[in-house]
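In what follows, a structure is listed as structure tokens, so that the remarks can point back to it.
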Amino acid sequence: MAEFLQFLFSGLTVGAIYALIALGFSLIYNASHLINFAQGEFVMIGGMATVFLAAAGIGLPLAALAAVLIAVAVAVAIERLGIAPAKGASAVGLIIITIGASILIRGLAGIVWDRNFHSLPAISGEKPLVILGATLLPQSLWIFGATAVIALLLWFFFARTLWGKAMMATAYNPLAAQLVGIDIRRVVMLSFALAGGLGALAGVLITPLAPTHFQVGVMLGLKGFAAAIVGGLGSGAGAIVGGLVIGIAEAMAAGYLASAYKDAVAFVIILLFLVLWPNGLFGLRGIERV
Amino acid sequence: MRRLLRSHYGGLGILILVILLMPFAFPNSFYFDVAINVGIAAIVCVGLNLLIGYAGQISLGHAGFFGIGAYASAILTSSHGWPPLLALLAGILISGLIAFVVARPILALKGHYLAMATLGLGVIISIILSQEVDLTGGPDGMPVDSLTVLGIEIASPQAWYWLVGGALVLVTWLALNLVDSPIGRALRAVHSSEIAARVCGVDTTSYKVLVFVVSAVVASLAGSLFAHFSGWLTPDEADFLRSIQFVTMVVLGGMASIFGAIVGAALLTALPQFLTVFQNYEHVMLGLVMVLTMIFLPRGLVPTLALRLLGERR
């Protein structure tokens, strides 16, 4: 029982991180029907920028904030410099652009910062809480809390604010949204900015538990995408549930089956979902037009 | 001249000529080395281009098949003493079988979903290759015996050059035939509009499966050659970044242009070898090339240049 609980805690912790990344995928997908393969790099930027700004003598909270802002700026730059000029590119073309952007960002991070592993101190220390024989790090609680707060804020944003409603309208029907005066360009930019911020926040929160590195974004991004697919692309609740499902499945597989194949779990789940339930748990049935 | 360039087989003639003449311009064996690596990548790209450029189906996991071919050759020859040709065929069989089994469900997906599914497949293969340490030597890699064909050991760079060059010509010739056949036309119909193709009676699924298997088999062949040529194999050869490199070569050279795929492979393989300043900036350059090509040359180098030179509108 204690063992199971231990695996569950670690699964929920990484799952919450995957959920934040998956939310970014869904936000961008809703606004522009685009999969941003550079999503994982925002996570890397969040961790690496915080580490290096803190090392430069800026206080940790300020460094984290600045890191999030850097990721937001990078996200908007990807949209402005990469996506917007390629108007009318095919789905394959856009996939290649975002993958190219992610490789570019990774390369720059390896040059501007370095190629070593770095960690951050946990927000409220390393002393674990013991619950029914299993230990839970305070950092995990911060991660759960942050993810819950973000989920609430996003819900409020989409349900109660004009900008949020404009984004929803664009997701449902871009042309109709444009006709009622919604500036789609800004909606897409906003979705990238939000996705960049969420990814960087995930990076800041996970770095005390899992050291960051200039290539850490690849796997985190792909797993976040897996979470978005499991939950149903474009669904906010789906992204969070999908993240937790992938996180828990991964932790259980690592604990009970073979830890060497931990990283493969998310991809096996993706393949199963793509083949059997491509719309995910919460996704709307896609209708294809000729 | 124009007609020659326009016809596919004229292109094949030019390719053969380039392969025959190039060695005379090589000052040392380093150039042979680079040319062999270009040839191996080009073989993969010619196959992959059938899938991406002609059938319009993306794959972000073809390094997985490259890896299966490479490791089949490495493991079967070095650990089990199989003759290299038999091991190469075994690799082709394994890759083809895996591709055939997964093709139907995976190719029913479109766009992003297909990209993700092929990516997942490739990542799973590369994780298996790096985790099965007893079999593959794990992340540190494993040694591979040299290649012997009909009792002759292929050892010198020159011998490798002619072998890989011959394989490239063969694969290119097969690809050209495929493109010019009813299968090729069906594939292009699938690319333009799958539903319209189906309405016209094209069995789109079978064609997509066929081309997926063909491209996987070709990648596996190239992987086997690479394993013997390099003599040391690591799972990096099968990972996600390698898959991306293959796709980038196809896109840079020109989708739906067989010679474009070869040019793309040549540029992206040879440039980092010659410009050592690239070393640290390899990722940055690769990323930039991908983004800039898609924005400014969405059709790729060769089709764009052909359009300029020949003033041809298709």
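Keep in mind the model is a prediction, meaning the values are calculated, not measured. Reminder, nothing fancy here: chain letters follow the sequence lines and each chain counts from 1.
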Practice item. Could you walk me through whether Leu233(A) and Tyr113(B) pass side-chain contact (heavy atoms from CB on, under 4.5 Å), step by step? Key: CA-CA 10 Å; Leu233(A) 256 182; Tyr113(B) 291 97; 3.6 Å; yes
**Study point:** Option that, when pairs with chain B are counted at under 4.5 Å, heavy atom only, ranks first among Leu274(A), Ile83(A), Ile97(A)
**Key:** Leu274(A)
Review point. Does any heavy atom of chain A fall under 4.5 Å from the side chain of Phe240(B), the backbone, both, or neither of them?
Key: side chain
Practice item. Show your working on side-chain contact (heavy atoms from CB on, under 4.5 Å) between Lys262(A) and Gln131(B) and close with a plain yes or no. Key: CA-CA 11 Å; Lys262(A) 187 184 88 147; Gln131(B) 294 301 337; over 6 Å; no
**Study point:** Gap between atom NE2 of His283(B) and atom OG of Ser102(A) - 0.5 Å precision
**Key:** 9.5 Å
Practice item. Indicate the atoms forming the closest heavy-atom contact of Phe267(A) with Gly120(B), along with that distance. Key: CD2-CA, 3.8 Å
Check your understanding: Side chain, backbone, both or neither: which part of Ala108(B) has a heavy atom under 4.5 Å from chain A?
Key -> neither
Exercise for review: Look at Ile270(A), Leu94(A), Ile99(A) and state which one has the largest set of heavy-atom pairs under 4.5 Å with chain B.
Suggested key: Ile99(A)
**Study point:** Top contributor to chain A contacts, counting heavy-atom pairs under 4.5 Å, from Ile52(B), Ile58(B), Val247(B)
**Key:** Ile58(B)
Review point. Which one of Leu108(A), Leu81(A), Leu104(A) has the most heavy-atom pairs closer than 4.5 Å to chain B?
Key: Leu104(A)
Exercise for review: Could you tell me which non-hydrogen atom of Gly82(A) sits nearest to which non-hydrogen atom of Val291(B), and how far apart they are?
Suggested key: CA-CG1, 4.4 Å
**Study point:** Interchain contact, Leu60(B) with chain A, by part (heavy-atom threshold 4.5 Å)
**Key:** side chain
Point to revise | Trace of the side-chain contact (heavy atoms from CB on, under 4.5 Å) decision for Met219(A) with Val123(B) | key: CA-CA 10 Å; Met219(A) 271 295 165; Val123(B) 172; 3.9 Å; yes
Review point. Does OH in Tyr261(A) sit with more than 12 non-hydrogen atoms of other residues, nucleotides or ligands closer than 6.0 Å?
Key: yes
**Study point:** Worked verdict on Ile103(A) versus Met285(B) for side-chain contact (heavy atoms from CB on, under 4.5 Å)
**Key:** CA-CA 9 Å; Ile103(A) 294 177; Met285(B) 293 315 247; over 6 Å; no
Exercise for review: Output the option from Val102(B), Ile244(B), Thr248(B), Ile106(B) having the highest count of non-hydrogen pairs under 4.5 Å with chain A.
Suggested key: Ile244(B)
Revision key, fill the gap. Ranking Leu121(B), Ile124(B), Leu286(B) by heavy-atom pairs under 4.5 Å to chain A gives rank one to Ile124(B)
Review point. For Leu114(B), is it the side chain, the backbone, both or neither that has a heavy atom under 4.5 Å from a heavy atom of chain A?
Key: neither
Exercise for review: Quick one: which residue pairs count as a salt bridge (charged side-chain N to carboxylate O under 4.0 Å, His left out) with a foot in residues 217-234 of chain A, not counting sequence neighbours?
Suggested key: Lys223(A)-Glu250(A), Lys223(A)-Asp263(A)
Review point. In terms of heavy-atom contacts, does CZ of Arg80(A) have more than 12 from other residues, nucleotides or ligands at under 6.0 Å?
Key: yes
Review point. Of the backbone (N, CA, C, O) and the side chain (C-beta and beyond), which part of Phe273(A) lies under 4.5 Å from a heavy atom of chain B, both, or neither?
Key: neither
Review point. Just checking heavy atoms, which of residues 17-36 of chain A are less than 4.5 Å from chain B?
Key: Tyr29(A), His33(A), Leu34(A), Ile35(A)
Point to revise | Atom group of Ile96(A) that falls short of 4.5 Å from chain B, counting heavy atoms | key: both
Study note, to complete from the structure: If one checks every heavy atom of Val268(A) against chain B at 4.5 Å, the contacting part turns out to be both
Check your understanding: What part of Leu222(A) is in contact with chain B, defined as an atom under 4.5 angstrom from a non-hydrogen atom: side chain, backbone, both or neither?
Key -> both
